[in-house]
There are 2 protein chains.
Amino acid sequence: MNSATILVIDDEVQIRKLLQITLESNDYSVTQAATAKEGMITAANHPPDLILLDLGLPDDSGHHVLQQLREWYTKPIIILSVQSSEEDIVKALDNGANDYLVKPFRTGELLARIRSAIRGNLSEENDPVIDCGSLQIDLSARIVKKNNEIIKLTTTEYALLCMFVKNEGKVLTHHYLLREIWGPGYINQSQYLRVFIAQLRKKIEDDANRPVHIVTESGVGYRFVAT
Amino acid sequence: MNSATILVIDDEVQIRKLLQITLESNDYSVTQAATAKEGMITAANHPPDLILLDLGLPDDSGHHVLQQLREWYTKPIIILSVQSSEEDIVKALDNGANDYLVKPFRTGELLARIRSAIRGNLSEENDPVIDCGSLQIDLSARIVKKNNEIIKLTTTEYALLCMFVKNEGKVLTHHYLLREIWGPGYINQSQYLRVFIAQLRKKIEDDANRPVHIVTESGVGYRFVAT
DNA sequence: TTTTTCTTTATAAAATCTTTATACACTTGG
DNA sequence: CCAAGTGTATAAAGATTTTATAAAGAAAAA
């Protein structure tokens, strides 16, 4: 999910359409403007994360629009223009444009330049954290917290917990768990499972004697419940 | 008065000469390197305000050099290349390049793009100093201080620390660290890692016997915590 | 050369896994 | 009701793996 918003200011409807399709299929949220005036108003009302600006607008000079935008807009502006003269490029860049692409442009390159411009400008993304009441699991950081304190889990304990979390609510049989975590040769070692279930409960349950998260389904296996 | 320093990494002597003259007449201070290796060393010893990198170096792939630089170098990198394929451009930009100019380029445009890159960098932030209690790490200056005293770290030790700092809080597996720092052929040399972790701890931890920053996750890897 | 850094080997310590032992809960048939 | 059988929980000892550290030899840099 990207959800960065991009404002396209261009008078050619086919270009706007192309950009909208291209950008939206890359998870950007797109708004459009066909004139300089419309562009300025849209940018002011809903400041986007990046602006794609055509220099050849009908109602105002593109360079002037750029200057006006830069009075207050600090995020990236990329120029798209049929003008390839050095004079135009230098002027646009010195007026505060972050990049300048000559039309017709290659969409892959445009997307890469957009990524480059947005990079670092975006707020830091957090990892997907699974929340189970007092229990929090960050799979990408391999961190498990209980009441906001980090719990140390061994490799096997963590593998077990992951199996449970990824199959929340489902009953996992002894055989299944043993095969997935220890390997196919261990499907009869139910005792292993009991030992590690006990250890896991001691670490993640508030009261290990009355487990809430890891419920035993006698004769079948165990089930993990989030709340 | 400009006084921003620019490092030119290019194997063609006439290009280097041209750039030197052009840049110096625009009040930039220029350093040069003819090979990837030389470029990396120069960049590390005297980090410039901007790097102009040619992708077609004789001793290493330009994309690889770019990746290596981006491990620690946070200021702008502009690619100069005879390669004009979309694939090369997209790859370079996604590897952390700020801009990409195809040779032969127009000097006026290059200067404008340099101004644009430096401008955006200055407005954003200064030296990104990471503060971890008694420990301070300046990635762009490659300086590590503990209790305000500079600590000498070897190349490998520093690379390790960078990996940790950039992934603060996350568990980095042995395989990952070995692959990133020593290369794919070393993923089984866990002992290397242990030796260097011990050395790093001796240098950055208050009490190496009770490490606070570099926490070992037995059977998995290590985790860096800033506190 | 001398110095620094990296690689390799050796060994002690720590952490984890496996195994054994025992206790508990629950069901079922006498 | 009890006693035997089945399935589960937990502690703790023993075995194994993993880790920490020193130190010596090799390679690279100054």
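Below, chain A is the first sequence line, B the second, and so on; all start at residue 1. Predicted model, so just to flag it, every value in this text is computed and none were measured.
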Residues at least two apart in sequence or cross-chain that pass side-chain contact (heavy atoms from CB on, under 4.5 Å) with B/K37, listed by chain then number, are B/T35, B/I41, B/D59
### Message
Base, sugar-phosphate or nothing for A/T156? Non-hydrogen atoms, less than 4.0 Å.
### Response
sugar-phosphate
From CD of A/E157 across to C1' of C/dA15 the rounded distance in Å is 11 Å
The side-chain hydrogen bond (donor to acceptor under 3.5 Å, both in side chains) partners of B/Q83 (sequence neighbours excluded) come to none
Check: protein-nucleotides 27-29 of chain C nitrogen or oxygen pairs below 3.5 Å:
none

Here the distance between atom P of C/dT18 and atom CG of A/L160, to the nearest Å, is 12 Å
Sorted by chain and number, sequence neighbours left out, ring pair (Phe, Tyr, Trp, His ring centres under 6.0 Å) with B/F196 holds for B/W182
The side-chain contact (heavy atoms from CB on, under 4.5 Å) partners of B/S29 (sequence neighbours excluded) come to B/T5
Hits for side-chain hydrogen bond (donor to acceptor under 3.5 Å, both in side chains) against A/T107, two or more places apart or cross-chain, chain-then-number order -> none
Which atom pairs link the protein and nucleotides 11-14 of chain C when you take only N or O atoms and keep those under 3.5 Å?
none

B/R194 atom CZ is separated from D/dT17 atom P, nearest whole Å, by 13 Å
Rounded to whole Å, the NE2-C1' distance (B/H175 to D/dT18) equals 13 Å
Taken in chain and number order and not counting sequence neighbours, the residues that satisfy side-chain hydrogen bond (donor to acceptor under 3.5 Å, both in side chains) with B/E168 are none
In whole angstroms, the gap separating P of D/dT18 from CG of B/N188 amounts to 12 Å
Residues in residues 195-212 of chain A with a heavy atom under 4.0 Å of DNA chain C, by number, are A/V195, A/F196
Here the ring-ring contact (aromatic ring centres under 6.0 Å, His included) pairs for residues 201-227 of chain B, sequence neighbours left out, are B/H174-B/Y222, B/H213-B/F224
Of the candidates D/dT8, D/dT19, C/dC6, the side chain of B/T155 sits closest to C/dC6
Rounded to whole Å, CG of A/L178 lies from P of C/dC17 at a distance of 14 Å
Separation of D/dT10 atom P from A/I214 atom CD1, nearest Å, is 11 Å
Readout for nucleotides 24-30 of chain D: B = base within 4.0 Å of protein heavy atom, S = sugar-phosphate only, - = neither; 5' to 3' it is -------
Considering only heavy side-chain atoms of B/T216, the closest of C/dC17, C/dT7, D/dA20 is D/dA20
Expected list for residues 219-227 of chain B near DNA chain D, using heavy atoms below 4.0 Å, is B/G219, B/Y222
Ranking D/dT8, C/dT5, C/dT16 by distance to the side chain of B/T154, first place goes to C/dT5
In whole angstroms, the gap separating P of C/dA15 from NZ of A/K152 amounts to 7 Å
